[in-house]
Each structure stands twice: as structure tokens, then as C-alpha cells.
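Reading through the C-alpha cells given below for one structure.
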Amino acid sequence: MATMASSRQLHRLRRLSTAAAAPAPTAATTSAEAAAPSISISRAKSKLRSEFDPDKALHIYSSVSKHYSSPVSSRYAQDLTIRRLAKSRRFADIEALVESHKKEAQITQEPYLCTLIRSYGIAGMFDHAMRTFEQMDRLGTPRTVLSLNAVLSACNASKLFDRVPELFGALPGKYGVSPDRVSYGILVKSYCEAGSPEKAIEVLKEMEEKGIEVTAVTITTILDSLYKNGRAGEAEELWDETVKAGCVLDAPAYNVRIMHAQSLGPEDVKKLIQEMSDAGFKPDTISYNYLMTSYLKAGMMDEAIGVYKELEGNGCKPNAASFRTLIHYLCKNGDYEKGYKIFKESVKVHKIPDFLTLRSLVEGLVQKKRTKEAKGLIRTIRKKFPPNFLNAWKKVEENLGLALAANDNDASLNLEEDEEATG
DNA sequence: ATAGGGTTAG
């Protein structure tokens, strides 16, 4: 299974090499919709999380979408379905699905229509998003800044960062809608994503002149971009100016600073977490993950495990990244037994790490002759993962079978037997 | 009811 970071990179590359809206040669059909039984949104969410087959994802989503209640409650399910379909380049199916929603009675409600614009954005189908925005008069949907923001956002989501400033200039006049602080936030994001945080800072000046509030969200976008472009000095400057201007920075803003401090060392991270607390913002899982990671990078494994163990006491829960990072570094350090313990905890809360981490864990366990643990891990993986993951996993198992035959005479990993034993 | 921060290592 691809990691988040690399799949995002792949997505970017893919977008550059293909016309996003070009339909895949698969048949456009939403026939699943007719047959889908009704299920609750929360049930759909949990099913969608583990469903990697886009057809099945579509089926699950369709079964819930007709019970549409509000944009918020179905957003997660909708986004996930679109992402699955887009990843498989099923653009014709996405179009069929989204267009079918334009026939719903709620289409005259702007928030509902915005979810459709959003879906096209997530799929990288910006021209469809734009067309939906333009169709609003015909569909009888009143147009406010909400849909303006939706279409600008879809432009960013489609990675067309250069087009956002252009649309920001043209659309308000053309459609008689004034941009608000969110619109400006989207504009700022586009400059940052295009690698020009200095242009984003100029936007801040324009906002001040026009009396539009600059929020912590907008500042955080720019801080992140400055740090990522190696401009830490300018980031600190912006932070100080923002505080001086009386804008309240919050937990996500602190986390951007902590992200940067992480590369400086655990002491710097600890100091910032303290500063964050003192300022009245509760450090969250993301903050502590940075602390844990900085310990791991410094080879301070016990301290890192300490951070992990204290998460709960600090009112936080480990997330998928906590497990993955911790197990990854424990393996790198040869602490496979400790890694296995953490792995078992990740299974309990349904946050199993990615393929590569699991591979290095099981290989390490076998190498250390912890056959029982290795078998336990393999049993769990077979139960928990979808078939396309298991195809790659099978190769890992096969290689281990060879390694075992060569090094270990009595403990062979007879996987067929194991499979039967667990039923 | 729209805009922000995350995870390995190569």
C-alpha cells in the first residue's frame, strides 16, 4: 500500500501528465445506486475506510447518499468515494455520480451544490467544477460567496494554483459576489502552493486595506509555506508581527512551528510545546507526534516510547502516524520485540501501519527468530487487509519462507496451516 | 458552513 506522502506525490505527477477530466475508458454507470440497500452514514464510513475497490466504494456511498441529510455528515463518505474513484481514474463514473445529484430537489440549496463542486475539485476535474458553478442560474440555486469559495477551492484542489488569482480577479465582478476572508484565504493558499509566500504576504496587506479580517488560518498557511521553503527567519518575523497586530494564533499555528523545531531537536520541541501550553492551547496528538519523532531521530527510543505512553494521560490518543512512526524507528533500531508490542496495540484500535513498516517488522522478527510473533503478525494482516494489499504481502511471506528454510530448521512458517488454524 | 497544521525514508 502506498504511503500518504508518496501517493500524494504520485497524484501530482499524474495530474501533470494527463488531462484531469479525460474520462477513463470504463463504462459510466451508477447502476449500483439502484441496487444498494440503505445503510447509516456511520456504517458507510467504517465500511468505506476498509474498502479499496472503487466499485464497492461507489456502491456503499450510493446506498447512503440518497439519505442525504446535511453537507457535513455525508462529506467524509462522499470525499472518500470520490478519491477512490479518482485514484482508479474513473472520471466518467465520478461525472455520472455527481451529475445524478443535480436532479435532486436539494440542488437549489447552495451548500448542497457546493458539495458537488467540491467533489469535482477533489477529483481534479476543475472544468466540471467551474461548469457547475456557471449552471447555478439554470439550476435555480442562489449564488453567494459560499459557492465562489467552493469553486476557488476546487481550483486549488485540482492543483491549478496559477488560475486561482485570475479567477479571484474575474469571478466576483462577473457574478456580483464579494470575496470574504475565506476567499482571501484560498487565494493565499494558491500563492503558497505555487511557491510564492511573498505574494501571499502582499495579499495580507490588501486585506488590511479592505478591512477584511486576517485569521489564524491564513497566517498558518503562510507560516507553513515559509518554513517549507527554508525561510524560517521570515516565518518568525511573520509570527511576531501577527501577535503584535493582536491576531490570536492557535494550536494548528503552533504545530507548524513545532514541525519546524522537530528538525532542531527534542529540547526545542519540548520548549515549544511548553510555550503552547502556557499560551493556553492544548498540545494535541500532532504536537506530541513531533516530539516523539524528534526523540526517535535522535536515537532516544525510551524517551520516544515515554511520549507515546503519556499520550492518553495528556488527553490525546495515538493516531495512525503515531503507530507507524514509532514502529518504523523501533525496527530501524533493531527493537523488533518492542515494535511488535506496539503493533498489537495498533491492531486493537484499528490503526495498523502501512505495508513497508509491517514488512520490516515481520522480517526483523523472523531474523530474530521470534517466529511466534511473526506468525501472529501474518495472521492479523491476512484478516485485516484488502486483496490488493495481500498480493504484495504474499511475496513478503514467500521470501520469509525461504529465509526460514535456510536459517531455521524447525520453525517453518507454514502459512496454509496458520490460515486454517485461525479459521 | 466554505480557507490552515501531520506521519518513514528514499
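First the proteins, then the strands, lettered A, B, ... as listed; each starts at 1.
For DNA chain B, the residues of residues 222-246 of chain A within the heavy-atom distance limit of 4.0 Å (strictly under) are A:Asp224, A:Lys228, sorted by number.
To the nearest angstrom, P of B:dA3 lies 12 Å from CD1 of A:Ile117. In this structure, A:Leu116 places its CG atom 12 Å from P of B:dA1, rounding to the nearest Å. The interatomic distance linking A:Leu291 (CG) with B:dT7 (P) rounds to 14 Å, in whole Å. A:Asp354 places its CG atom 11 Å from the P atom of B:dA9, with the value rounded to the nearest Å. Between the P atom of B:dA3 and the CG atom of A:Leu187 lies a distance of 15 Å, rounded to the nearest Å. Rounded to whole Å, the distance from CD1 on A:Ile258 to P on B:dT7 is 12 Å. Protein atom CD1 of A:Ile219 is 18 Å distant from nucleotide atom P of B:dA3, rounded to whole Å. Straight-line distance from the CG atom of A:Asp79 to the C1' atom of B:dA1: 14 Å, rounded to whole Å.
The base of B:dA3 lies outside donor-acceptor range of the side chain of A:Ser183, with no N or O pair under 3.5 Å. The base of B:dG4 is not paired with the side chain of A:Thr221 by any donor and acceptor separated by under 3.5 Å.
Across A:Ser322 and A:Leu311, no two heavy atoms sit closer than the pair OG-CD1, 4.4 Å.
Within the nucleic acid shown, A:Ser153 comes within 4.0 Å of sugar-phosphate atoms alone, with no base atom in reach, counting heavy atoms only. Counting any heavy atom pair closer than 4.0 Å across all strands shown, A:Asn156 reaches no nucleic acid atom. Residue A:Ser147 is classed as having no contact, given no heavy-atom separation below 4.0 Å to the nucleic acid. Among the protein residues, A:Arg118 comes within range of the sugar-phosphate backbone only, with heavy atoms under 4.0 Å from sugar or phosphate atoms but none that close to a base. No contact: A:Ala320 has no heavy atom under 4.0 Å from any strand. As judged by a 4.0 angstrom heavy-atom cut-off over every strand, A:Leu146 is placed among the base-contacting residues. Looking at heavy-atom distances under 4.0 Å, A:Tyr290 makes contact with sugar-phosphate atoms alone, never a base.
For residues 273-317 of chain A, the set of pairs meeting the ring pair (Phe, Tyr, Trp, His ring centres under 6.0 Å) definition, not counting sequence neighbours, comprises A:Tyr254-A:Phe281, A:Tyr308-A:Phe323.
Of all nucleotides listed (B:dG4, B:dA1, B:dA3), B:dA3 comes nearest to the side chain of A:Val182. For A:Ala216, counting side-chain heavy atoms from C-beta on, the closest listed nucleotide (B:dG4, B:dT7, B:dA3) is B:dG4. Comparing B:dA9, B:dT2, B:dG4 by their closest approach to the side chain of A:Tyr329 singles out B:dA9. The side chain of A:Lys297 approaches B:dA9 more closely than any other nucleotide in the set B:dG4, B:dT7, B:dA9. Nearest to the side-chain atoms of A:Ala253 among the listed nucleotides B:dA3, B:dA1, B:dG4 stands B:dG4.
For B:dA9, the OP1/OP2 oxygens have a side-chain nitrogen or oxygen of A:His328 closer than 4.0 Å.
Side-chain contact check for A:Ser147 and A:Glu110: at least one donor-acceptor pair (N or O, by modelled atom type) lies under 3.5 Å.
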For this session: Check step by step if side-chain contact (heavy atoms from CB on, under 4.5 Å) holds for A:Met292 and A:Glu303.
Result: CA-CA 8 Å; A:Met292 189 184 75; A:Glu303 287 84 350; over 6 Å; no

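Remark: the backbone N or O of A:Ile186 is paired with a side-chain donor or acceptor of A:Asn156 at under 3.5 angstrom.
In this structure, A:Arg231 pairs ionically with A:Glu198, as a charged nitrogen and a carboxylate oxygen lie closer than 4.0 Å. Classification of A:Arg257 and A:Glu236 as a salt-bridged pair fails, no side-chain N sitting under 4.0 Å from a carboxylate O.
For A:Lys282, the NZ atom sits in a packed shell: over 12 heavy atoms of surrounding residues, nucleotides or ligands are nearer than 6.0 Å.
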